[in-house]
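All heavy atoms count here, side chains included; hydrogens, waters and symmetry mates do not.
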Amino acid sequence: MGEFRQARWFEPLIFSIGSSGRRGYSIPSIRDTDRSALRDIPENLRRRRLPDLPEVSEVEVVKHFTRLSQMNFGVDNGLYPLGSCTMKYNPKMNDAVASLDEVRWIHPFQPEETLQGMLEVMYKLDLWLCEITGMHKFSLQPAAGANGECTGILIIRAYHQMHDELKKRREIIVPDSAHGTNPASASMGGFEVVTVPSDDSGCIDIEALKEAVSPRTAGLMLTNPNTLGIFEERIREIEEIIHDAGGLLYYDGANMNAILGKARPGDMGFDIVHLNLHKTFSTPHGGGGPGAGPVGVKEHLKDFLPVPLVEYDGKKYYLNYNVPHSIGKVKGFYCNFDVIVRAFAYILTVGAEGLKSISEISVLNANYLASKISCIRGFEIPYGKGKPRKHEFVASCSGLKSETRVSAKNVAKRLLDYGIHAPTIYFPPIVDEALMIEPTESASIEELDEFVKVMEAISKEAYENPEKVLSAPHNTSVGPIDEVKASHPRTLCLSWRMYKRKFMKE
Amino acid sequence: MKVERIISIGFVVNPIAGMGGRVGLKGTDGVVEEAIRLGARPVAPERAEFFLKDLKAYIVSGKIKLVTVPGLMGECEAERVGIDFNVLPLQRKDKTIAEDTKAAVKMLISGKYRVDLIVFVGGDGTARDVLDALSSDVDEAIVLGVPSGVKMYSGVFAVSPSEAAEVVKAFVDGEADVAEMEVVDVDEESFRKGRLEIHLYGYLKVPYLPLRIQGTKTPSPETIDERENQKAIARFVIENMKPDSTYILGPGTTVKAVTDLLGVKKTLLGVDLYWNGQLIPDVNEKIILETVKDWKDAWIIISPIGGQGIIFGRGNQQISPEVIKNVRKEHILILATKNKIRRLKGSLRVDTGDREVDNLLKGRIKVITDYREWRILKIE
Ligand SMILES: Cc1ncc(COP(=O)(O)O)c(C=O)c1O
């Protein structure tokens, strides 16, 4: 293992660079051109002062952002086993497609006839996603997984409302291993949340589920394989329990990476599904950038989907606003098209067989790592002992912590010192000192072996020289931060304006 | 302009706290000799030093004045860290006992010293000694525990010595709120025999910085603020309260969050009755049975105590088997913050003293964990 050293520039904020009047590009002042452009802007909306923008030259901008990018880490420069996030490599081909003029220069206000290409891409992606998930119609509108969940919950709400049962059906059931956005989405939809525990096998506790359902049940939100990376084997039984109680089944398909071409939520009995294109379908993500969380439904819920839907009448593609019980819009315009087109290109380039082998390799990689890591001192893989995992697994280092004080957080930070991104930590909440690891199909066997070696080294170090791990990271651009200060309202600082107010006393 | 005031801190170390742990004795009460024989080494002095080291800058800069206890109860540790301090005029001892902790605390809150904050290094047993020593002054004194015991089920501890130093700094800078936290202890004798008997002894006022007090366990981004969580639960409970129903309110801060929001004053350690805006404080079984007329509209609101998840039979015996039978399981509202649930290890327990009632309660129940959030838990 070579020494890793991340670039460390003492890079100031862009606001502290440059000087008054400096410019990289000059545009004619509005005063010199047509003042009539201002005419239609109401007086109270006009600026009195110029905005406080950085004043920098082009070369300063380029240097600044190049340095920041050197201090950054992403799927293009290292292993990124961030569980539940499916940080797979994003083929450059898809970016090339998204950069075509036909994609970049379209505008949602264009007439339909001139957007036939965009609509065709949307329509076909809808069909493919239906095929992959076993659903009957997709809306590509939601811009993220959580946005998709909220859409699904609003559909559940509208469905019960139409059957005059919403007053009674107040509860959405979620397992305790669920992603935090599930209960949050249910709350956003005005429901109460009932959490059901997992059993020792890492699956939903069926007896507890039976206790949880009642005439108040509106639906169940489930991830399968769940966040422990374990397949809910008794899904048909779960489906019956919920449907018999009059509830709907919602599938959180944020990560479909384990079951592409292998199993379909539609066949498992789910009524509603969302997918994160920015995970399984390889579109870039992180940092809250554009994503896509399309929502698919079975036939009986089609009429609740957001408008407009994309349809084809045999001759042309068109936007259909005539959806009788539509919940309305969940995002401006039609979708994040630059994301949609990348996912479209991805599916097209890998093909049906390619999708299957993606799942096979991602599952193989996860199980390979799981078996290696379970042998490392201080680590274990709780729940469902001996059961194979799917696309990811959750290790616990509570043994390591009680023997050496080194926690999951410390291990995660020490990994950064070796040029490996941290796994997801402290999630799912049912595992103490959790490290949730998802290598994806993009990692080569050499990278996986390297990762294991690094984990072994960290374990050894924890027992022999814990201080080194406890004070990590050492080799990164930014060292350990004070987490309380970083999140305390008094010290939290989210913008330049805030910074000036809090620390420069302006 | 903020006027800078020097904050005085009384610092008490229980040097034998935590010695039983590594040698598997589950506590150090009454077994110090055996612990030493088994090869136990003191842990508290080292942890006390960690704490003081992290606080050093504040002491050196004169923001904090430290008053401590002779010998290993604070003086030696402070000396080793190299800071200024005053020592209480107590006798220096090689072997210390609970009475020494109590004597020190009593002196620290007496007129002569009247410290702003008492920091002790120890475990649940030490927390109890501090509580005992404060007796009637308990409402005025502010206390923080630096964890060093075998058992630390009480909510008065910071997560670690360095976190404790951070809490103290925030307290000195006027950035910490003060909140009441449980002092609980398990009976060590039965604990060693594998039985868990947890007792709620009372509450101490603790400087409270959301992520840093043990009440909230591991400081991670996932951690929710305990107080906010209690308030959210309270709001949900109140939204669902029915007029003309009688509520039997169990002890503890979680239930107190409900009465705080209702604007009535709850007995923290006792059971109260609430009916249409009125509260009858500190009732016993007899008063409950006499007062509640209509059991059809009676509810029990309780929260499990400490880390063991006992809902009936510890600290709330006023809610007797007969009361529970009258109210029925469907009318029992159990409140527990998410952190409390994390510490439960999966299930709740009952020990009402009546087998029949225990069996009636066993099985699964819906527990309120947040605003509009429930969780299915097993009662064993
Ligand atoms: C299982 C699961 N559900 C939902 C989400 C939410 O997706 P998004 O971040 O796109 O809103 C995630 C994201 O990590 C997830 O892992």
request  = Please flag which part of B:Tyr371 lies under 4.5 Å from any non-hydrogen atom of chain A: side chain, backbone, both or neither.
outcome  =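 Contact with chain A is absent: no heavy atom of B:Tyr371 under 4.5 Å.
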key: Nearest-0.5 Å distance that lies between atom OG1 in B:Thr369 and atom CG in A:Asp176   = 11.0 Å
message = Please report the interatomic distance CD(A:Glu207) to CD1(B:Ile376), rounded to the nearest 0.5 Å.
response =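 One gets 12.0 Å once the value is rounded to the nearest 0.5 Å.
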request  = Determine the sole option in A:Val194, A:Val193, A:Val196 for which the side chain to side chain contact (heavy atoms under 4.5 Å, CB included) test with B:Trp374 is passed.
outcome  =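 In the set A:Val194, A:Val193, A:Val196, the residue that makes a side chain to side chain contact (heavy atoms under 4.5 Å, CB included) with B:Trp374 is A:Val194.
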Does [X], at its [atom1] atom, have more than 12 non-hydrogen atoms belonging to other residues, nucleotides or ligands within less than 6.0 Å?
X: A:Asp244; atom1: CG; value: yes
X: A:Tyr463; atom1: OH; value: yes
X: A:Met188; atom1: CE; value: no
X: B:Arg235; atom1: CZ; value: no

Got a sec, which residues hit salt bridge (charged side-chain N to carboxylate O under 4.0 Å, His left out) with [X], two or more places apart in sequence or on another chain?
X: B:Glu380; answer: none
X: A:Glu380; answer: A:Lys385
X: A:Glu239; answer: A:Arg236

key: Members of residues 358-366 of chain B whose heavy atoms come closer than 4.5 Å to chain A   = B:Arg364, B:Lys366
message = So which atom in B:Arg372 and which in A:Phe191 form the shortest heavy-atom distance, rounded to 0.1 Å?
response =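 In this case the closest contact between B:Arg372 and A:Phe191 is CD-O, 4.2 Å.
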request  = Heavy-atom distances under 4.5 Å only: say whether A:Glu171 touches chain B with side chain, backbone, both or neither.
outcome  =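 For A:Glu171, the side chain is the part near chain B, not the backbone.
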